[in-house]
Amino acid sequence: MEHGVIVSGNKTDYEMYYDAVMADVKELRQYYPFSKRILIPSVKPGPIELDVIAVDAGYLEKTGATETDFIDEFSRRLHIVIPYDYQEKGCLVYGGKWIDYSSIPSSQKHFNDRLADGTLLFCVGVPQSFAKLSNVILENIKTADNMLTAYQLLQTGQTKTLNLISYKHGAKGCNEYDKDKKKYEG
């Protein structure tokens with residue numbers, strides 16, 4: 001299946017969307033085994049949602065840890081909403097309720113929003129990066145996983161700066177990404 005918005009005219013092709021998401025989720029589970037689909041019964045089809053514990057399979061294999069080991073103080077739980085055009089615009093990735101938002105300098109806040117309950121909407125990439133990815137869902141979760149780790153290290157004092165590859169929001173971030181892309185593509 002080609003990358004692209006799964007839309008025909010004004011009508012979304014739910015079957016193509018569902019097939020694409022299920023293929024990506026199958027691969028996702030190889031890396032993040034604690035990934036579950038959330039299916040909300042409805043007459044009208046809606047975006048697929050996932051509940052993911054952002055701990056990779058390699059770490060789980062080394063430690064023998066279980067899902068419940070990662071949902072307390074520095075919870076690794078993420079809630080993912082997969083829009084119909086996720087292959088071009090990315091997913092909505094929510095989590096990190098424990099992050100002390102007020103203690104982070106503005107330049108190091110890589111979030112698009114903070115919900116009333118404290119949950120953050122992570123900024124997981126610039127728009128032009130998503131269409132180049134073979135599995136947008138997996139890459140968005142890897143990015144959020146790295147962000148959770150970086151914020152935990154910062155918040156616990158194990159580092160004084162946020163160690164992330166990141167871009168500014170908006171047009172400035174898109175320009176930064178384009179410059180970096182040229183460096184790596186030659």
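The model shown is predicted, which means the values in this text are computed figures rather than measured ones. Residues take their numbers from the sequence shown, with the count starting at 1.
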Within [range] or reaching into it, pairs that qualify as salt bridge (charged side-chain N to carboxylate O under 4.0 Å, His left out) - sequence neighbours excluded:
range: residues 138-160; answer: Arg76-Asp145, Glu139-Lys142
range: residues 54-64; answer: none
range: residues 91-105; answer: none

pair [X]-[Y]: side-chain heavy atoms closer than 4.5 Å:
X: Ile137; Y: Leu50; answer: yes
X: Glu49; Y: Ile82; answer: no
X: Tyr18; Y: Ile48; answer: yes
X: Phe74; Y: Ile99; answer: no

* Asked: When clusters are formed by joining ILVMFWY residues with side-chain heavy atoms under 4.5 Å apart, either directly or through shared neighbours, do Val93 and Tyr31 land in the same one?
  ->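 Yes, same cluster.
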* Asked: When clusters are formed by joining ILVMFWY residues with side-chain heavy atoms under 4.5 Å apart, either directly or through shared neighbours, do Leu121 and Val124 land in the same one?
  ->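 No; Val124 is not reachable from Leu121 via cluster members.
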Let me confirm one number: the [atom1]-[atom2] distance from [X] to [Y], rounded to the nearest 0.5 Å.
X: Thr161; Y: Leu153; atom1: OG1; atom2: CG; answer: 10.0 Å
X: Ser35; Y: Ile80; atom1: OG; atom2: CD1; answer: 8.5 Å
X: Leu120; Y: Asn112; atom1: CG; atom2: CG; answer: 10.0 Å
X: Lys89; Y: Phe130; atom1: NZ; atom2: CZ; answer: 11.0 Å
X: Asn135; Y: Leu28; atom1: CG; atom2: CG; answer: 7.0 Å
X: Cys91; Y: Asp85; atom1: SG; atom2: CG; answer: 10.0 Å

* Test ring-ring contact (aromatic ring centres under 6.0 Å, His included) applied to Tyr101 and Phe111, step by step -> CA-CA 10 Å; Tyr101 191 77; Phe111 317 110; 5.7 Å; yes
* Would you check, one step at a time, whether the test side-chain contact (heavy atoms from CB on, under 4.5 Å) holds for Val52 with Arg77? => CA-CA 6 Å; Val52 176; Arg77 176 168 275 140; over 6 Å; no
* Set of salt bridge (Lys or Arg N to Asp or Glu O under 4.0 Å) partners for Glu27, sequence neighbours left out ->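 In terms of salt bridge (Lys or Arg N to Asp or Glu O under 4.0 Å), with neighbours along the sequence ignored, Glu27 is linked to no residue.
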* Could you pull out all residues at least two apart from Lys26 that satisfy salt bridge (Lys or Arg N to Asp or Glu O under 4.0 Å)? =>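 Testing Lys26 for salt bridge (Lys or Arg N to Asp or Glu O under 4.0 Å), a comparison that skips the adjacent residues, returns none.
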* To do: Could you tell me whether Tyr14 and Tyr84 have their ring centroids closer than 6.0 angstrom?
  =>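 Ring-ring flag for Tyr14/Tyr84: true, centres closer than 6.0 Å.
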Please find the pair of heavy atoms, one from [X] and one from [Y], that lie closest to each other, and give the distance.
X: Thr66; Y: Asp69; value: N-OD2, 2.7 Å
X: Gly90; Y: Val136; value: CA-CG1, 3.8 Å
X: Ala54; Y: Leu148; value: CB-CD1, 4.2 Å
X: Ala131; Y: Glu88; value: CB-CG, 4.2 Å

* Asked: After noting the C-alpha distance and the side-chain angles of Leu115 and Tyr94, does the key distance pass the side-chain contact (heavy atoms from CB on, under 4.5 Å) rule?
  -> CA-CA 9 Å; Leu115 304 180; Tyr94 297 91; 3.9 Å; yes
* For the pair Ile104 and Gln155, evaluate side-chain contact (heavy atoms from CB on, under 4.5 Å) and give the outcome as yes or no after the intermediate values. => CA-CA 9 Å; Ile104 300 168; Gln155 194 164 309; 5.5 Å; no
* Asked: Can a donor-acceptor pair be found between the side chains of Tyr86 and Asp24 at a distance below 3.5 Å?
  ->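 Side chains of Tyr86 and Asp24: pair found under 3.5 Å.
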* To do: Report the C-alpha distance between Glu67 and Lys36 in whole Å, list the side-chain angles of each, state the deciding distance to 0.1 Å, and finish with yes or no for salt bridge (charged side-chain N to carboxylate O under 4.0 Å, His left out).
  => CA-CA 12 Å; Glu67 186 173 354; Lys36 298 176 186 117; 2.8 Å; yes
* **Step-by-step side-chain contact (heavy atoms from CB on, under 4.5 Å) determination, Phe122 to Leu78** => CA-CA 10 Å; Phe122 290 102; Leu78 298 172; 3.9 Å; yes
* Asked: Using links of under 4.5 Å between side-chain heavy atoms of ILVMFWY residues, direct or through other members, which residues join Phe70 in one cluster?
  ->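 Phe70 clusters with Phe34, Ile53, Val55, Tyr59, Leu60, Ile71.
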